[in-house]
Every structure is written in structure tokens, then in C-alpha cells.
Amino acid sequence: MSKPLTIADLKTRARRRVPKMFFDYADSGAWTEGTYRANEEDFAKVKLRQRVLVDMTNRSLATTMVGQEASMPVALAPTGLCGMQHPDGEMLAAKAAEEFGVPFTLSTMSICSIEDVASVTSKPFWFQLYVMKDREFVANLIDRAKAAKCSALVLTLDLQILGQRHKDLRNGLSAPPKWTIHHGLQLATKPFWCMDMLRTKRRGFGNIVGHAKNVSDLSSLSSWTAEQFDPQLSWKDVAWIKERWGGKLILKGILDEEDARSAAETGADAIIVSNHGGRQLDGAMSSISMLSKIVDAVGDRIEVHFDGGIRSGQDVLKAVALGARGTYIGRPYLYGLGAMGKPGVTAALEIIRRELDITMALCGKRDIQAVDSSVLADVRF
Ligand code: GLV
């Protein structure tokens with residue numbers, strides 16, 4: 001098989017290897033998927049300035065996100081059910097990120113637990129928190145992340161109720177997968193995935209099972225979130241979570257200038273401009289079209305991070321040029337993971353690094369720290 005050159009190559013391979021219900025889970029947006037598509041498409045509306053005769057030697061992509069070193073301004077985003085794209089997926093992705101020198105963020109809704117990931121990594125990773133009605137369970141999750149020496153908590157604000165993703169409902173998505181005829185057919189066509197999955201014991205929600213009380217139907221993500229996630233989450237809760245955690249706090253899911261200003265007032269360390277990959281409010285603006293407005297709204301009061309629609313290193317450069325200190329990739333690394341396991345995550349990171357590095361040079365910059373809106377020729381929104 002030839003070497004994957006683009007994130008799209010990894011996506012094609014993941015589609016071949018991963019059972020449809022899990023591939024679709026990653027590759028889906030809410031309702032019409034309009035915002036999901038806009039996240040990707042709006043990047044094409046940002047044009048770069050080609051510069052010449054500029055010294056291009058000794059280039060550096062190194063930066064920091066919430067004061068922590070990163071070999072490029074890219075972190076792995078928290079993604080639910082990552083361990084269904086590939087057995088033990090979160091552990092493999094965390095190791096690939098650690099070797100690459102970028103932050104890995106473990107989702108609350110992961111298959112491998114906080115403790116599983118801590119057992120295979122030697123540097124701190126980040127933990128993403130969903131807030132459930134059962135505050136004792138939430139406090140316990142925070143304490144487990146502390147005990148595992150996680151170095152930042154990413155608090156998701158835009159999923160108090162779950163957006164409807166038609167593909168998941170049609171596929172009857174569940175973890176562990178059900179063995180009905182419908183599901184069996186999807187699994188039967190992916191023998192390598194099935195064989196690998198039989199070798200691991202990690203097939204359910206590792207952070208929840210055995211830790212949360214009164215969990216009735218965890219196999220169905222939509223009914224479980226409807227039952228357990230707290231629809232009354234408020235800015236006051238951010239204060240107690242900040243206090244209980246006591247470390248670096250990143251607020252994820254800001255897409256509005258007014259919310260961005262409120263987030264800056266919480267004293268958190270960073271916000272992530274995000275619409276949850278188009279998986280929540282279909283019809284919302286694309287992330288990239290909101291980025292510079294949010295940067296202007298908060299000024300230098302809080303670090304601004306970005307996710308949504310990044311499929312190349314060029315997209316990373318554009319987000320940095322529009323004011324993001326760092327970015328997150330979700331689907332690009334999940335495609336790599338589904339396609340090839342840990343080497344696939346490394347391949348996704350390498351593809352993005354190469355594209356970012358060459359693009360930065362051809363825009364006349366040698367250091368990512370010096371990239372600003374002067375590398376852009378035109379922004380059409
Ligand atoms: C939540 O983790 C999701 O499915 O977007």
C-alpha cells in the first residue's frame with residue numbers, strides 16, 4: 001500500500017477498516033451536517049500571501065499551549081469512543097502524541113480509562129470533562145484526572161444535551177457493539193478490526209463503568225447523555241470546577257463573542273473556539289469564520305485555541321494567522337487511528353506538520369511565533 005500523503009488518504013483507509021457504525025460516528029455532524037461541512041469549506045475562503053526571497057532556513061514550529069510545550073500548535077482533541085476506531089485507541093493515540101511532542105486530550109466518553117492512558121504514558125496528558133447531574137461522580141472524575149497527573153482540564157460547555165446525528169440513530173450505535181443481524185453484518189465485513197477487538201477487554205466506556213451510580217443504558221450514547229448530562233450547567237459551575245481542579249483550565253465550545261467575554265472573566269487559562277465539529281447546533285457559524293471576532297472580543301485576557309474543520313497543516317497556519325495560539329485535530333487523527341493504529345496517528349501528525357512547515361516557509365516565515373494576519377491575502381467572511 002502506498003504511503004498516505006493526505007488526511008483524505010487516511011480517511012479512505014479508515015472507511016475500509018472500521019465498522020460503519022463507528023466510522024460514521026466520527027464522520028458525522030448534526031442534522032443536515034451543514035455546519036460540519038462549513039467548518040471545512042470556510043478554510044478555503046482564507047487565502048495566503050505568497051512571498052519570495054526570504055531566508056527559509058532553521059524553521060521552528062515549536063510553541064506553548066497553556067504554558068506547556070508543544071512541537072507544533074496542534075493538540076489531539078477529545079473524541080468520544082476513540083477506542084472503537086481501533087482497539088485500545090486512546091492508549092495508542094496518547095503514546096503517538098507523547099512521542100510527537102503534542103498534547104493528547106482524553107474524552108470523558110472514551111473507551112480506555114484515565115488510568116489506562118496513564119499506565120502507558122510517561123508525560124502528562126489532558127482530560128476533557130463532561131458535567132453530569134451526579135456531582136459526586138464529576139468530583140470523582142476530576143480527582144481521578146488529578147491522581148493521573150493530567151496537566152490540563154478541558155471543560156466542554158456545548159454538550160449539555162446531545163445534538164441529533166442521523167447516522168448514529170440509523171446505525172443503532174452502541175459501545176460495546178451489539179450483535180444483532182444488522183450490526184453483525186457491519187462487523188462481519190471488517191475481520192481485522194474484529195480480531196483486534198477480541199484481543200482487548202476495553203470495549204465499553206472505561207471512565208464510567210464501575211465508577212458511576214445508577215447507570216442504566218450506557219450502551220446508547222444518546223439516551224445516556226439525555227439521562228445523565230446536566231442541562232442546567234452554568235457559569236457558577238465553572239467556578240466550582242475550577243476550584244476543585246486547581247490546575248490549568250480550558251473552556252471548550254465558545255462560538256459567540258458574548259460567551260467569550262464571560263469565559264475570559266472566569267479566570268480560566270484558555271478557550272477553544274469550537275462548535276463541537278458541527279455535531280451539536282447545525283446551522284451555527286463555522287469555527288474559522290468566528291475565530292478573529294472572538295480573538296478581538298477577548299484581547300489578551302485569555303489564550304484562544306481553535307478546533308473545527310482542520311484537515312491540513314495549511315488550515316493550522318490559517319487558524320494561527322487569525323489569532324489561535326493552538327489548534328486541535330479530532331477526525332484527522334481518528335482516521336489515522338482507524339486506518340493503521342498508532343502509526344496512523346503519527347502519520348496524521350506528520351502530514352499536518354509537513355504541510356504546516358512548507359506553507360509557513362512559502363508565506364515567508366521561519367517561526368510559527370511570528371505568524372500573524374500578515375501571511376493572509378484575503379479573508380472572505
Ligand atoms: C461527544 O463526545 C460527541 O459524540 O460529540
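As the structure lists them, so they are numbered: ligands from 1, and atoms in each ligand from 1.
Ligand-side atoms of ligand 1 in range of Y25: 1 (C), 2 (O), 3 (C), 4 (O), range being under 4.0 angstrom from any heavy atom. Residue Y130 has at least one heavy-atom neighbour below 4.0 Å for each of these atoms of ligand 1: 1 (C), 2 (O). Near H276, meaning under 4.0 Å from one of its heavy atoms, ligand 1 places the atoms 1 (C), 3 (C), 5 (O).
A centroid separation of 6.0 Å or more is found between the aromatic rings of F43 and F381.
Between V298 and A264 the shortest heavy-atom distance is CG1-CB, 4.2 Å.
Cation-pi geometry between R16 and F192 is not met at under 6.0 angstrom from the ring centre and within 45 degrees of the axis.
Remark: the S286 side chain and the E41 side chain contain no N/O donor-acceptor pair separated by less than 3.5 Å.
Residue nearest to atom 3 (C) of ligand 1, selected from R165, M109, Q280: R165 (by heavy-atom distance).
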